[in-house]
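Data block below; observations after.
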Amino acid sequence: VQLQASGGGSVQAGDSLTLTCTAFEQTFSTYIIGWFRQAPGKEREFVSSVTQGGFSPYYADAVKGRFTISRDNSRKTVWLRMNNLKVDDTAVYYCAATLKTWTYLRTATAVTPADFSSWGRGTLVTVSS
């Protein structure tokens, strides 16, 4: 599945931003969709994911309580609402798709980029103090 991420920008700490991930195939609804981010000089890390039906959102500890993931299969779109942004949230954000099961992702020691097979181009989020 082809994915396209958008919505990045430059904001101040404490501001909000919503990222959008859009697919181009009808098979979008069969995938778990996740968001990852990669800060300069760091490895790509898991941020959040949502099941095919839009249930059971899963968040990394660093964003829990501040970020919200949601999904609309009729629009082939997943959103990542980011509130109370921090300087440490500065990164390129990527959306990705996987056919791995929810149970696999939740029981894995860590969700890694290798668990996701399809990737969109990233969108840059810059948070300044």
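Keep in mind that what you see is a predicted model, and the values were worked out from it rather than measured. Along the sequence shown, residues carry numbers from 1.
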Measuring from [X]:[atom1] to [Y]:[atom2], what's the distance to the nearest 0.5 Å?
| X | Y | atom1 | atom2 | value |
| --- | --- | --- | --- | --- |
| Y93 | L19 | OH | CG | 7.5 Å |
| R121 | T123 | CZ | OG1 | 10.5 Å |
| R81 | S16 | CZ | OG | 4.0 Å |
| D89 | N83 | CG | CG | 11.0 Å |
| M82 | D15 | CE | CG | 11.0 Å |
| E43 | R37 | CD | CZ | 14.0 Å |

What do the steps show when you test E25 against K76 for side chain to side chain contact (heavy atoms under 4.5 Å, CB included), and what is the final call? CA-CA 8 Å; E25 293 92 349; K76 299 192 287 293; 5.8 Å; no

Is there a path of hydrophobic side-chain contacts, each under 4.5 Å between heavy atoms, that joins [X] and [Y]?
| X | Y | answer |
| --- | --- | --- |
| Y59 | V127 | yes |
| V111 | W119 | yes |
| V11 | V92 | no |
| L3 | W35 | yes |
| V63 | W79 | no |

List the steps and the verdict of side chain to side chain contact (heavy atoms under 4.5 Å, CB included) for F67 and L80. CA-CA 7 Å; F67 290 13; L80 184 69; 4.1 Å; yes

For a quick test of reading the model, state the closest non-hydrogen atom pair linking A39 to A91 and the distance between them.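 Where A39 meets A91 most closely, the heavy atoms are N-CB, 3.7 Å.
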
With no hydrogens and no angle check, do the side chains of T77 and D72 hold a donor and an acceptor under 3.5 Å apart?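 T77 vs D72: no donor-acceptor pair found between side chains.
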
Hey, does L85 have a side-chain heavy atom less than 4.5 Å from the side chain of L17?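 Contact flag for L17/L85 side chains = yes.
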
Does the side chain of E45 reach to within under 4.5 Å of the side chain of Q38, using non-hydrogen atoms?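 E45 vs Q38: side chains apart.
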
Run the side chain to side chain contact (heavy atoms under 4.5 Å, CB included) test on V78 and F28 for me, step by step, so that the C-alpha distance in whole Å, both residues' side-chain angles and the decisive distance to 0.1 Å come before the verdict. CA-CA 10 Å; V78 169; F28 171 79; 3.5 Å; yes

Which atom pairs, donor and acceptor, lie under 3.5 Å between side-chain atoms of residues 48-57 and protein residues at least two apart or in another chain?
unit_1, atom_1, unit_2, atom_2, d
S48, OG, Y58, O, 2.9
T51, OG1, F55, N, 2.9
T51, OG1, F55, O, 2.8
Q52, NE2, T30, O, 3.2

Yes or no on side-chain hydrogen bond (donor to acceptor under 3.5 Å, both in side chains) for T22 and Q4, after CA distance, side-chain angles and deciding distance? CA-CA 5 Å; T22 304; Q4 179 173 304; over 6 Å; no

Is NZ or CZ of R44 both nearer than 6.0 Å to the six-membered ring centre of Y94 and within 45° of the ring axis?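 R44 over Y94 ring: yes.
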
Any donor and acceptor pair, going by atom type alone, linking the side chain of R75 with main-chain N or O of R71 inside 3.5 Å?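 No.
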
Are the side chain of T98 and the backbone N or O of D115 linked by a donor-acceptor pair below 3.5 Å?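 Here the side-chain-to-backbone pair exists.
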
For K100 and I32, run side chain to side chain contact (heavy atoms under 4.5 Å, CB included): C-alpha distance rounded to whole Å, both residues' side-chain angles, the deciding distance at 0.1 Å, then the answer. CA-CA 8 Å; K100 291 188 182 292; I32 286 176; over 6 Å; no

Hey, would you say the F36 and F46 ring centroids sit under 6.0 Å apart?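 Centroid distance F36-F46: below 6.0 Å, so yes.
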
Qualifying residues under side chain to side chain donor-acceptor pair (under 3.5 Å), relative to Q2, sequence neighbours excluded: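 With neighbours one apart ignored, the set is empty.
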
Evaluation steps, salt bridge (Lys or Arg N to Asp or Glu O under 4.0 Å), between D61 and K64: CA-CA 5 Å; D61 288 343; K64 201 172 295 182; 3.0 Å; yes

